[in-house]
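Heads up: the structure comes next, in structure tokens.
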Amino acid sequence: LLQDVATHPVAQQFQAFGMATQIALVLGGVIALSVGVHIAKQLLFKNPNEPPMVFSIFPFIGSTVTYGMDPPTFFRTNREKHGDVFTFILLGKKTTVAVGPAGNDFILNGKLKDVNAEEIYTPLTTPVFGRDVVYDCPNAKLMEQKKFMKIALTTEAFRSYVPIISGEVKNYFKKNPAFKGESGMVNVPKHMAEITIFTASHALQGQNVRNRFDESLASLYHDLDMGFSPINFMLHWAPLPWNRRRDHAQKTIAKIYMDIIKERRAKGDDGTEFDMMKHLMNSTYKDGTPVPDHETAHMLIALLMAGQHSSSSTSSWIMLRLAQNPEICEELYQEQVKNLGADLPDLTYEDLAKLPLNQHVVKETLRLHAPIHSILRAVKSPMPVPGTNYVIPTTHTLLSAPGVSASDPAYFPNPEVWDCHRWEADSPNAPTIVRNDASVEDEEKIDYGYGAVSKGAASPYLPFGAGRHRCIGEQFANLQLQTIIAETVRLFKLSNIDRSRKLVGTDYQSLFSRPLEPAFIRWERRD
Ligand code: HEM
């Protein structure tokens, strides 16, 4: 038989080709065969107990490219085709998406025995944050760490943060050359990233750490940040230049924090400043173990990194939306004049509660521009999807996308319109929803170990997530963003550079949905 094959005219023609052509032909054949098998499997073998599959041509690649280019459009299109639960292939892994309030609840409030976040996130986050914190430890330990962080964010602490953030914003606009003169144009994400890190580091980590951001810390954090790219889900271990810089930055920053901790311990309680570092370095786990210094240092890195991308991208979107809607910028200014007094006294924590439109601008921007478009979980035991025949097997990854329900006309009339007034009860665009933020008292509450949070099961609006991994930075982020807006509109009128109503597109290439750069806006000094 072998001899017959070898003497077959096709085989003889193949042997007549050069080595390179032979390899190309074999590879082409293998690819064609695997594409054929992949397509046939999708068409012929449909498992009625698994969600419908998004059709794809190439194995492994699956729908990675269409999803990666524009996740919201990918979710919307496939939801229309397949319903609220469907599966697609993301880099070789079957990934099941469950959208809508029921889908959000199914994944985000999943039981610990069923869903797991650390398995997915640890390759990316552990080299950046450091060992033994967040996703480099059992979930029960993370819950305790979140409790330590959350307890530090008291009303008393918030009260002290507003003047700190106000001061940083005013100082930034005073000193930064891009804001010299009567008017100008700026690429807003660059400046919002700086304002976010200056305000967060000063409020959460104290003046001493903040001052170092004018020198070495800014570039070290930049190197650390490079570790947070999607490619590192696969190549986190690779000895690539940016990974080497990431590892060096992680060690150096952790050492800086640990040196400060040692100094503070040696000096004894300074009793002057209330900040996160002071709180964490004096915390103790339930089993009596004091939090080791390296864990305090790593939690400080994690907190700053967790907040940085989300808050900085949100504040950029806010400024872009205000430039697109200059009349809202004016309304925000007038709201302060009316509710705080024409002399615009220095902002306080209490003042923020008197500025509802200011709050609604943040809320509405997070509805349309939530920085985290996809939340992933590994499946640890087969999970029946309530109300369907589907059982999600442990070979799948789960993907929650609360942004889908946040832009669903079933809950938000005219969902594509950025309308900060929709959050007023009598607005024609008012949402038909239950909200799961800390201010809603009558919602079902649950404690995963870091304090009671509302379950959010019925809410289509979850920019801060839900369940055991829910954000603990929500109140801080709101306070930081509201203070930044209030200070900005006191100083400037914003508009698009061509005075149009255009808005830049979204960059989904990084892990966070941020504005495509350059994203220029025009500012004009109010006085
Ligand atoms: C978790 C959003 C700001 C610290 C989360 C999650 C979301 C989120 C959606 C859940 C992730 C998941 O379930 O996998 C946001 C948004 C922010 C923001 C939209 C700003 C606009 C902050 C800030 C901090 C912070 C300022 C710190 C001060 C955390 C932490 C977690 C978290 C520690 C918990 C991670 C876990 O338990 O797995 N955030 N966040 N976030 N966020 Fe935020």
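Bear in mind that the values here come from a model prediction, so they are computed numbers and not experimental data. For ligands, and for the atoms within them, numbers begin at 1 and follow the listed sequence.
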Inset, instruction - Using the six-membered ring of Phe412, assess whether NZ or CZ of Arg367 lies under 6.0 Å from its centre and within 45 degrees of the ring axis. - result: yes
Legend entry - Option set Gly403, Ala477, Ser313, Gly473, criterion heavy-atom distance to atom 24 (C) of ligand 1, minimum: Gly473
Legend entry - Pro371 heavy atom under 4.0 Å from ligand 1: yes
Legend entry - Which segment of Ala200 sits under 4.0 Å of ligand 1 when only heavy atoms are counted: neither
Inset, instruction - Look only at interatomic distance and state if Thr314 has a nitrogen or oxygen under 3.5 Å from any nitrogen or oxygen of ligand 1. - result: no
Inset, instruction - Quick one: look at Lys146 and ligand 1, take heavy-atom pairs under 4.0 Å, and tell me if it's side chain, backbone, both or neither. - result: side chain
Inset, instruction - Measure from atom 8 (C) of ligand 1 to every heavy atom in Ile372, Leu108, Thr365 and give the option owning the shortest one. - result: Ile372
Inset, instruction - Report the part of Cys471 (side chain from C-beta onward, or backbone N, CA, C, O) that has a heavy atom under 4.0 Å from ligand 1; answer both or neither where that applies. - result: both
Inset, instruction - Name the closest protein heavy atom to atom 18 (C) of ligand 1, giving the residue it belongs to and the distance to 0.1 Å. - result: Ser310 OG, 3.4 Å
Legend entry - Arg210 to Phe198 six-membered ring, cation-pi geometry met (6.0 Å, 45°): yes
Legend entry - Residue and atom name of the nearest protein heavy atom (relative to atom 28 (C) of ligand 1), distance in Å to one decimal: Leu303 CD2, 3.7 Å
Legend entry - Heteroatom proximity flag, Tyr121 to ligand 1, N/O under 3.5 Å: yes
Inset, instruction - Distance to 0.1 Å, residue and atom name: give those for the protein heavy atom nearest to atom 23 (C) of ligand 1. - result: Gly307 CA, 3.4 Å
Legend entry - Contact partition for Leu462 relative to ligand 1, non-hydrogen atoms under 4.0 Å: neither
Legend entry - Option with minimal heavy-atom separation from atom 2 (C) of ligand 1, where the choices are Pro463, Ala466, Gly465: Pro463
Inset, instruction - Answer yes or no: does an N/O atom from Arg377 fall short of 3.5 Å to an N/O atom of ligand 1? - result: yes
Inset, instruction - Over 60° means perpendicular and under 30° means parallel, so classify the ring planes of Phe158 and Tyr161, tilted if in between. - result: perpendicular
Inset, instruction - Return yes if some donor-acceptor pair links the side-chain N/O of Asn187 with the main-chain N/O of Ala519 below 3.5 Å, else return no. - result: yes
Inset, instruction - Classify the ring geometry between Tyr67 and Phe74 as parallel (under 30°), tilted (30 to 60°) or perpendicular (over 60°). - result: perpendicular
Inset, instruction - Mind telling me whether His309 and Phe228 have parallel, tilted or perpendicular rings, with 30° and 60° as the class edges? - result: perpendicular
Inset, instruction - May I ask you to identify the nearest protein heavy atom to atom 30 (C) of ligand 1, giving residue, atom name and distance to one decimal place in Å? - result: Ile472 CG1, 3.9 Å
Inset, instruction - State whether the side chain of Thr64 and the backbone N or O of Leu91 hold a donor-acceptor pair below 3.5 Å, judged by distance alone. - result: yes
